[in-house]
Amino acid sequence: MADPSSQNPNLATPPPPSSPSPTHQIQSGTSELSPPSRPPCSTLSFLKTANRPKLRVTSEFDSDSLLFLNKVSCKLFDNLAKLKLSFQNNSQREISQPQVSFTSKHVSVLYDVEEKNTFIKSTLDVHPRLQLRALHNVKAQQGEVAMEANLTEPGYSLELSSPVPIGYPRATLKFPLGEISLQEKDEEEEEKQKRTLSVNGILKRQVMNGVCTALYTDEELRLRYAYKDDALSFIPSISLPSNAASFAFKRRFSPSDKLSYWYNFDSNMWSAVYKRTYGKDYKLKAGYDSDVRLGWASLWVGDEAGKVKTTPMKMKVQFMLQVPQDDIKSSVLMFRVKKRWDI
């Protein structure tokens, strides 16, 4: 707020003399236009005007493991890069797994303090249609170099990658319906080493009101069909040659109520989950898993899938009750809290 005296000319300057001379008027006007004297520089004023990057502190506590997961990050160079420190500490305040990372558009560096190891990832756009990527593990002296070229047709690209320092290269063709990868590998057959060609790929195709997916990897083919509309989802799948089949069923009763069911024909294992949401920031889930013979219920305060910054008070809380089927008395109530501070 401005000084009130500067807004009132009667208070700002003394009354002029009864018979001012022209010389006096010129000198008076000159003194009024002269800049004010510069105040002495101080450490406090420097700190106020310094463009210090904002710190983002996130802390998460899990009552099951009794561990705190902490992250401290800030953006540098006008949001062109990000510096992050992450570590864990237990109830005895012992720090473990400290890591420091620096991330930018073209270079990312992760340093593991305990392992004394550095992971480097770089990306370079040589041409609008050509990109180079490199990964390097300093301690293991291993990495990968890849080159991806976008073809003239939209949605088509060819990627060539090779392990460093030794290894067989891999070629991957990407197209709108999926991708196919070719790579040589060594196999031992009758005490002899034989070189074969490995083929992996995934294909997707719109069939009626669903999507049919074929995934082939490590000589195993998995077929999956996903049908989905506004109220119903049905997802059967089968793996060949093992003939392991399963299906998932999801039914939405209202915008806030949903039931999910999964069954494995090979092992007769099944699980079911009921979910109900209350507004945007509250979610109640309950389910049962026959594989571990465990029933559970959880309450989320804050958007479960969203980021902490979008939740009230920048905090998310989860309460979970686990009830073993064989020993109800050993039921456990757990909670997890995640909080963010902007400093």
Side-chain angles (χ1 to χ4, degrees), residues 80-88 96-205 212-224 237-244:
L80 296 179
K82 182 178 180 180
L83 182 65
K84 182 174 68 173
L85 167 66
S86 63
F87 60 94
Q88 294 181 358
S96 62
Q97 299 184 11
Q99 294 181 347
V100 182
S101 65
F102 176 84
T103 306
S104 63
K105 182 180 179 181
H106 299 290
V107 179
S108 298
V109 180
L110 173 64
Y111 179 70
D112 192 323
V113 179
E114 290 184 349
E115 298 293 334
K116 296 182 180 179
N117 193 14
T118 304
F119 301 88
I120 304 174
K121 178 180 179 181
S122 61
T123 304
L124 179 62
D125 295 328
V126 181
H127 188 269
R129 294 183 178 272
L130 183 62
Q131 184 184 75
L132 297 179
R133 297 192 301 271
L135 302 174
H136 184 59
N137 185 333
V138 176
K139 189 174 184 179
Q141 292 297 312
Q142 295 179 354
E144 184 183 68
V145 178
M147 177 181 64
E148 183 175 0
N150 295 324
L151 305 181
T152 55
E153 294 292 333
Y156 289 84
S157 65
L158 178 63
E159 178 181 310
L160 300 177
S161 61
S162 176
V164 177
I166 57 174
Y168 296 116
R170 180 178 68 250
T172 303
L173 176 62
K174 301 179 182 180
F175 48 94
L177 298 180
E179 63 180 51
I180 297 178
S181 298
L182 302 176
Q183 185 178 20
E184 289 185 329
K185 65 178 183 179
D186 294 329
E187 291 185 352
E188 294 184 359
E189 183 177 345
E190 296 180 357
E191 299 181 356
K192 294 182 180 180
Q193 195 171 14
K194 181 180 179 181
R195 183 178 299 180
T196 61
L197 183 64
S198 174
V199 180
N200 298 322
I202 181 172
L203 298 175
K204 293 183 179 182
R205 180 76 178 184
C212 185
T213 304
L215 176 62
Y216 183 79
T217 177
D218 296 331
E219 299 182 354
E220 182 179 3
L221 177 62
R222 182 183 180 187
L223 301 176
R224 180 176 179 265
S237 64
I238 184 172
S239 298
L240 301 175
S242 61
N243 294 326

Between [X] and [Y], is any pair of side-chain heavy atoms under 4.5 Å apart?
{"X": "K204", "Y": "L177", "result": "no"}
{"X": "V138", "Y": "I120", "result": "yes"}
{"X": "K116", "Y": "Y111", "result": "yes"}
{"X": "V199", "Y": "L182", "result": "yes"}
{"X": "T213", "Y": "I202", "result": "yes"}
{"X": "C212", "Y": "R224", "result": "no"}
{"X": "L203", "Y": "F175", "result": "yes"}

| N/O donor-acceptor pair under 3.5 Å between K139 side chain and E115 backbone | yes
| Donor-acceptor contact below 3.5 Å, side chain D112 vs main chain E114 | yes
[X] and [Y]: which non-hydrogen atoms are nearest, and at how many Å?
{"X": "L173", "Y": "S157", "answer": "CD1-O, 3.5 Å"}
{"X": "Y168", "Y": "Q183", "answer": "O-NE2, 3.1 Å"}
{"X": "T172", "Y": "S181", "answer": "OG1-OG, 2.9 Å"}

Could you grab the distance from atom [atom1] of [X] to atom [atom2] of [Y], nearest 0.5 Å is fine?
{"X": "T217", "Y": "R222", "atom1": "OG1", "atom2": "CZ", "answer": "11.5 Å"}
{"X": "L151", "Y": "Y156", "atom1": "CG", "atom2": "OH", "answer": "9.5 Å"}
{"X": "L240", "Y": "L223", "atom1": "CG", "atom2": "CG", "answer": "5.5 Å"}
{"X": "S161", "Y": "L135", "atom1": "OG", "atom2": "CG", "answer": "10.0 Å"}

| salt bridge (charged side-chain N to carboxylate O under 4.0 Å, His left out) with R170: which of E184, E148, E144? | E144
Would you give me the side-chain donor-acceptor pairs under 3.5 Å for residues 99-106, sequence neighbours excluded?
| unit_1 | atom_1 | unit_2 | atom_2 | d |
| --- | --- | --- | --- | --- |
| S104 | OG | V107 | N | 3.2 |
| S104 | OG | V107 | O | 2.7 |
| H106 | ND1 | T123 | O | 3.0 |

| task | Begin from the C-alpha positions of N137 and Q142 and carry the test side-chain hydrogen bond (donor to acceptor under 3.5 Å, both in side chains) through to its verdict. | result | CA-CA 5 Å; N137 185 333; Q142 295 179 354; over 6 Å; no
| said: Does atom CD (Q141) have a neighbourhood of more than 12 heavy atoms from anything else shown, all under 6.0 Å? | reply: yes
| said: Heavy-atom count check: over 12 atoms from other residues, nucleotides or ligands less than 6.0 Å from I166 CD1? | reply: no
| Is it true that E159 and R133 make a salt bridge, defined as a side-chain N closer than 4.0 Å to a carboxylate O? | yes
| field | Audit row: S162, V145, side chain to side chain contact (heavy atoms under 4.5 Å, CB included) steps and yes/no | value | CA-CA 6 Å; S162 176; V145 178; 5.7 Å; no
| message | Would Q131 and L124 count as a side chain to side chain contact (heavy atoms under 4.5 Å, CB included) here? Give the steps. | response | CA-CA 6 Å; Q131 184 184 75; L124 179 62; over 6 Å; no
